[in-house]
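Read the structure below first, then the notes.
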Amino acid sequence: MSGTRPGPDDLAALLAGPVERVAPLLLGAVVSHAGVSIRLTEVEAYGGADDAGSHAHRGPTRRNATMFGPAGRLYVYLSYGLHVCANVVTGPEGSPGAVLLRAGEVVAGADEARSRRRTGVARDLARGPGRLGQALGLRLDLDGTDLLAPSTVTLQPGELVTSVERGPRVGLRGDAERPWRFWIADEPTVSAYRKAPPLGC
DNA sequence: CGACGGATGGGCT
DNA sequence: GCCCATCCGTCGG
């Protein structure tokens with residue numbers, strides 16, 4: 001009982017659980033890199049072999065290796081050849097799980113974030129996983145960064161968020177659909193939900 | 001505004 | 001080759 005403020009040890013304990021329990025607990029947490037800090041307002045949970053929507057669905061590969069590692073690592077991947085997206089790995093080593101950082105509010109370094117983004121609209125600086133990665137200046141070589149040790153990327157737990165809403169994940173269809181998207185209610189920075197395209201048969 | 005499609009490159013059937 | 005855990009500019013109502 002050394003204090004009321006969450007520290008690194010609490011973060012390790014927080015990330016130890018099953019990914020669908022951890023994900024909503026990361027809402028309100030603050031991610032920082034290269035002069036920009038973002039308070040998370042929207043996240044999604046991704047599991048292992050049983051989750052058809054997860055990169056880890058078909059077992060370990062070079063790209064998704066970080067998802068199979070210990071909790072607290074940053075899993076960074078390239079989306080659509082253009083966008084750098086980031087996840088926080090959860091659960092025990094060997095059982096893949098990660099929380100995709102979908103959107104947030106820039107709480108520090110707004111000028112820096114604006115210089116990296118095309119838009120100047122504050123609300124849109126990190127409204128979407130690709131935008132969030134761009135605002136933070138994330139790069140693929142940051143994949144595997146240990147957030148539980150001193151590093152250029154940091155994650156600090158926020159205060160407990162009371163009004164959490166949940167719904168289906170974005171951009172997936174069919175068997176991949178799960179209500180594993182979580183966001184803070186009434187937050188303008190939550191990314192716009194786009195329905196999955198219909199199957200053309 | 002909502003809908004639509006092009007950009008763009010790595011991963012994997 | 002085809003499929004994306006997306007973004008943004010453009011076009012029509």
Starting from the 5' end of DNA chain B, give me the residue, A/L140 or A/H83, whose nearest nucleotide shows up first.
-> A/H83
Between C/dC8 (C1') and A/Q134 (CD): distance, integer Å = 11 Å
Identify each donor-acceptor pair in which a side-chain atom of residues 136-146 of chain A lies under 3.5 Å from a protein atom, sequence neighbours left out, and give them as a table.
unit_1: A/R139; atom_1: NH1; unit_2: A/D141; atom_2: OD1; d: 2.5
unit_1: A/R139; atom_1: NH1; unit_2: A/D141; atom_2: OD2; d: 2.6
unit_1: A/D143; atom_1: OD1; unit_2: A/T66; atom_2: OG1; d: 3.1
unit_1: A/D143; atom_1: OD1; unit_2: A/V76; atom_2: N; d: 3.0
unit_1: A/D143; atom_1: OD2; unit_2: A/T66; atom_2: OG1; d: 3.2
unit_1: A/T145; atom_1: OG1; unit_2: A/L142; atom_2: O; d: 2.6
unit_1: A/D146; atom_1: OD1; unit_2: A/L148; atom_2: N; d: 2.9

Mind checking A/G53 for me? I need base, sugar-phosphate or nothing, with any heavy atom below 4.0 Å counting as a touch.
-> base
Protein-nucleotide distance (A/L125, atom CG; C/dC8, atom P), rounded to Å = 11 Å
Phosphate oxygens OP1/OP2 of C/dC8: is one of them under 4.0 Å from a side-chain N or O of A/R117?
-> yes
Heavy atoms under 4.0 Å, any strand shown: does A/R127 hit a base, just sugar-phosphate, or nothing?
-> nothing
Out of B/dC12, C/dT6, B/dT8, whichever nucleotide has its closest atom nearest the side chain of A/T61 | B/dC12
Among C/dA5, B/dG9, B/dC12, which is the nearest nucleotide to the side chain of A/L172?
-> C/dA5
So what stems show up for DNA chain C if we need 3 or more Watson-Crick or G-U pairs in a row, all under 3.5 Å?
-> B:1-7 with C:6-12, B:9-12 with C:1-4
Could you tell me whether a side-chain N or O of A/E20 sits under 3.5 Å from a main-chain N or O of A/A45, the two making a donor and an acceptor?
-> no
Are the side chain of A/N64 and the backbone N or O of A/G59 linked by a donor-acceptor pair below 3.5 Å?
-> yes
For A/R58, answer base if it contacts any base atom (sugar-phosphate contacts may also be present), sugar-phosphate if it contacts only those atoms, and nothing otherwise; contact means non-hydrogen atoms under 4.0 Å.
-> sugar-phosphate
Please say whether more than 12 non-hydrogen atoms of neighbouring residues, nucleotides or ligands are located less than 6.0 Å from CG in A/D50.
-> yes
Please indicate yes or no: is the ring centre of A/Y46 less than 5.5 Å from the centre of the six-membered base ring of C/dA5, with the two planes inclined by under 30 degrees?
-> yes
Identify which nucleotide among B/dT8, B/dC12, C/dT6 has an atom closest to any side-chain atom of A/N64, counting heavy atoms from C-beta outward.
-> B/dC12
Between C/dC7, B/dG11, C/dA5, which one does the side chain of A/R63 approach most closely?
-> B/dG11
How many Å lie between CG on A/N87 and C1' on C/dT6, as a whole number?
-> 14 Å
Expressed in angstrom and rounded to an integer, what is the separation of A/Y80 atom OH from B/dG5 atom P?
-> 15 Å
Side-chain contact, heavy-atom cut-off 4.5 Å: A/F182 with A/L26?
-> no
In whole angstroms, the gap separating C1' of B/dG10 from CG of A/D143 amounts to 13 Å
A/Y77 has an atom OH; how far is it from atom C1' of C/dC3, in whole Å?
-> 14 Å
How about A/Q134 and A/V84: do any of their side-chain heavy atoms sit closer than 4.5 Å?
-> no
Is the side chain of A/T189 donor-acceptor paired with the backbone N or O of A/E187 at a distance under 3.5 Å, no angle test?
-> no
Would you kindly give the CD-to-P distance between A/E42 and C/dT6, to the nearest whole Å?
-> 11 Å
Over how many whole Å does the gap from A/L82 atom CG to B/dG5 atom C1' extend?
-> 14 Å
When all nucleic acid strands are considered with a 4.0 Å heavy-atom cut-off, which category describes A/T119: base, sugar-phosphate, or nothing?
-> nothing
For the residue pair A/W183 and A/E165, confirm or rule out a side-chain donor-acceptor distance under 3.5 Å.
-> yes
From the options C/dA5, B/dC12, B/dG9, select the nucleotide whose nearest atom is closest to the side chain of A/L78.
-> B/dG9
With a 4.0 Å cut-off on heavy atoms, is A/R131 in touch with a base, just the backbone sugar-phosphate, or nothing at all?
-> sugar-phosphate
